[in-house]
There are 2 protein chains.
Amino acid sequence: MRIARFTDGAEPTFGVVEGSVERGEATVAALTPHPFGPFTFTGVRRPLGEVRLLAPVLPSKVLAVGKNYADHVKEMGGDIPPERPILFLKPSTAVAGPGDPIVHPDPTSRMDYEGELAIVISRLCREVPEERAMSVVLGFTCANDVTMREQQSADGQWTRAKGHDTFCPLGPWIETDLDPSDAGIRTTLDGEVRQRGTTAALIHSVPKLIAYMSAAMTLLPGDVLLTGTPAGVGPMRPGQTVAVTVDGIGTLTNPVTAR
Amino acid sequence: MRIARFTDGAEPTFGVVEGSVERGEATVAALTPHPFGPFTFTGVRRPLGEVRLLAPVLPSKVLAVGKNYADHVKEMGGDIPPERPILFLKPSTAVAGPGDPIVHPDPTSRMDYEGELAIVISRLCREVPEERAMSVVLGFTCANDVTMREQQSADGQWTRAKGHDTFCPLGPWIETDLDPSDAGIRTTLDGEVRQRGTTAALIHSVPKLIAYMSAAMTLLPGDVLLTGTPAGVGPMRPGQTVAVTVDGIGTLTNPVTAR
């Protein structure tokens, strides 16, 4: 099931996307009240092309992991991957939706794409054992962990470099049926493939990340966990378009603009 | 004006604390709907001693600064303070109220108090110039930036070490009339003074921090900005009681418990 958040001019609403997106036949059926518990359909159904998709969730926090693909650790100049996941937070104010611009805060400085698989949490939980990790997952979406590369190294702490407004595009929707153990992931810039990987190469798997992160802090319904980026990160400039595809989910596309 | 959040068994409510706390004569007058815009009093007034104070605000984010007092930079083994503020985030799930226990996640490892002045933001804002910074401030409260010291150095990123549940006590209330340019700050452990400083020693002042932080990301009503801790940080053990006092605000007291 594909759960989206959309607006047709009125209040943002959750809905289920049905039918073929590729053939232009997809529709979205509005649901109420939200997908984190029992819900019903309102009866409103709209062609997907006639609504505006929003970030599929408004997370209370975006908890992310650094250096979780060995090939990316290497390209960043590291030798051995960290033994434990390195956690960092992106603020909720960084979240953007499909099609929303990624706003470059300082075009004299390097701003990178980092395509990632994102986990959407379904319910309040803490200290979730690895074996039960999938029971707290609503589904998965695509994310771009946008990063000011020079700020990242200058500050040491990654919060500012990764925390600017629009630096966490999410979407296009939440796929509830994905197997996250081997999903292909690609990032393109103006249509050219820049990152290509599979979640089979994650150093810390999705269940391990959920166990580790929920041991560090309580997770809430709608919280988003980012799983790390494969090799191939690089800069984006205003006027370009970046797209993150996870096989089995879909494609998250965002234009880059100057402030 | 002292703005508190409290419960007398029913729904949490904002209120204004009036009268002398020291003489046991203080009351809290409930207000509606919230203190981030025009509000009215409901007519309900209770003796302060008969209600339970809660964290005075539920922030969407807690944005904090590291190494903002020269004496603390020195005690942490640094030589020169960083040129720019070093930003990090604490998750909203870390927030605790006055009197709430600080829960030690691993008593074999060192958990430190860090007493701080906290800024509470009144309205959505970004790129606030230093000269207008005070216009986005609702008021100030006391905070304890609780930190797992060994996790902090092991991870490099500070998120996990500072992000555990209960690691951001706030309170006892928001003082709207404080002058933050020279407020005395003290942290005591079981009544013994461990940290003593003044915000006059902040490397980056309150207005400078607001300008810098709001240039990095949008701030929302209720967001909390932590201003850094003076020298004297040290470990707390279950069974102890820690208290952070900022002159002109009051005292935030929390017991320490084992998980």
Exercise for review: Could you check which of Gln157(A), Lys90(A), Met217(A) has the highest count of heavy-atom pairs closer than 4.5 Å to chain B?
Suggested key: Gln157(A)
Review point. Would you call Arg110(B) and Glu150(B) a salt bridge, using N to O less than 4.0 angstrom?
Key: no
Practice item. Check each atom of Ala215(B) against the heavy atoms of chain A and say whether the ones under 4.5 Å are side chain, backbone, both or neither. Key: backbone
Practice item. Measure distances from Pro105(A) to the heavy atoms of chain B and classify the residue's part below 4.5 Å as side chain, backbone, both or neither. Key: neither
**Study point:** Part of Ser92(B) within contact of chain A (heavy atom distance under 4.5 Å)
**Key:** side chain
Review point. Hey, are Thr147(A) and Asp112(A) close enough side-chain-wise for a donor-acceptor pair under 3.5 Å?
Key: no
**Study point:** Residue pair Gln195(A) / Thr187(A), side-chain donor-acceptor N/O under 3.5 Å
**Key:** yes
Review point. Among Arg259(B), Glu83(B), Lys61(B), who wins on heavy-atom pairs under 4.5 Å with chain A?
Key: Arg259(B)
Point to revise | When Leu63(B), Thr166(B), Leu87(B) are compared by non-hydrogen pairs under 4.5 Å with chain A, the top option | key: Leu87(B)
Review point. How long is the span from the CZ atom in Phe167(A) to the CD1 atom in Ile102(A), to the nearest 0.5 Å?
Key: 8.0 Å
Check your understanding: Under 4.0 Å between a Lys/Arg side-chain N and an Asp/Glu carboxylate O for Glu114(A) and Arg149(A)?
Key -> yes
Point to revise | Side-chain donor/acceptor of Thr229(B) to backbone N/O of Gly115(B), under 3.5 Å | key: yes
Practice item. Give, as side chain, backbone, both or neither, the part of Leu220(B) having an atom under 4.5 angstrom from any heavy atom of chain A. Key: side chain
Point to revise | Closest-packed option against chain A by number of heavy-atom pairs under 4.5 Å, given Gln151(B), Arg126(B), Met213(B), Met148(B) | key: Arg126(B)
Check your understanding: Among Asp223(A), Ile86(A), Thr93(A), who wins on heavy-atom pairs under 4.5 Å with chain B?
Key -> Thr93(A)
Study note, to complete from the structure: Among Thr159(A), Leu219(A), Asp155(A), the residue with the most heavy-atom pairs under 4.5 Å to chain B is Thr159(A)
**Study point:** Electrostatic pair Asp100(A):Arg52(A) at N-O distance under 4.0 angstrom
**Key:** yes
